[in-house]
Amino acid sequence: MILHHSTWPAVEAYLRKSSGIIVPMGSTEQHGPTGLIGTDSITAQTVAWAIGTHCGALVGPTLSLGPAQFNLGFPGTVSLRPSTLTRVIVDYVLSLASQGFRHFYFLNGHGGNLAPAQCAFQEIHAERSLASHARAAVHFRLRSWWDYPEAHALRQQLYGLGEGMHATPSELAITRALLPDACPPDELPPPPVLEPDFMKRHGGDNHDDAQAHRSRFPDGRVGSHSGLGLAEHGTQLVALAAQAGARDYAAFLAGEEGA
Ligand code: NI
């Protein structure tokens, strides 16, 4: 069930049986010479919609802008400040919480969203903890589609170190499965393999400024051999992530612990 495709009486009826909602989060940024600028939003929304279908869960509007300042040197990138995304998430959650939603499952497709999202969750918890009057508790879970163990294992098996960090073959494979006519052919050579220390320090898109980023990664890929990502891999990755996500969402609604 997709919020944008629903009426308010349908949402009111949904709330009588569930307090959960899935929120896809992506970005709008360059994804190398052959990757679509909407890759992170397209992938997150696709997996979220598939989880929603498995679980009969409502899926909210996709947050399709995220912090991507490091990619502003590439045309087409649109970035939010991290603090802006945090505020957007707070307002998104509190809007729905005011109507009775209590379980917010964020399905993420962009590393740079992780820290601002966690910050937003803490802001909301803090408002409740600091309030002098009682407010309903809300619950959060944040997952990136590539972190589900089955999806992670397939990425490792298919691409190894060629997965890299940005414009990854796995995310491009998903867009190639969904939008074959929009995706140009990819015969690019592999970019230099990233050092483990670099990957550790720059996890969650913790990159430097746009000028430094483009000069270090001139074609926009960060260690990712994008051409390895075939459409059939994308179909498999979405199916695995959606199955794992559906189990995880059900566990979340049942009150099982999980960060
Ligand atoms: Ni991406």
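Atoms within a ligand are numbered from 1 in the order they appear, just like the ligands themselves.
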Atom name in Glu171, limited to N/O/S, at shortest distance from the Ni ion (ligand 1) = OE1
Looking only at atom types and distance, does a side-chain atom of Thr28 sit under 3.5 Å from a main-chain N or O of Ser64, one as donor and one as acceptor?
-> yes
Check whether any N, O or S atom of His31 sits under 2.8 Å from the Ni ion (ligand 1).
-> yes
When rounded to the nearest 0.5 Å, the distance separating CZ of Arg87 from CD of Glu123 is 9.5 Å
Relative to Phe74, does Arg214 satisfy both conditions: NZ or CZ under 6.0 angstrom from the six-membered ring centre, and within 45 degrees of the ring's axis?
-> yes
From Asp40, does some N, O or S atom reach closer than 2.8 Å to the Ni ion (ligand 1)?
-> yes
Interatomic spacing from CG in Leu172 to CG in Leu36 - rounded to 0.5 Å | 7.0 Å
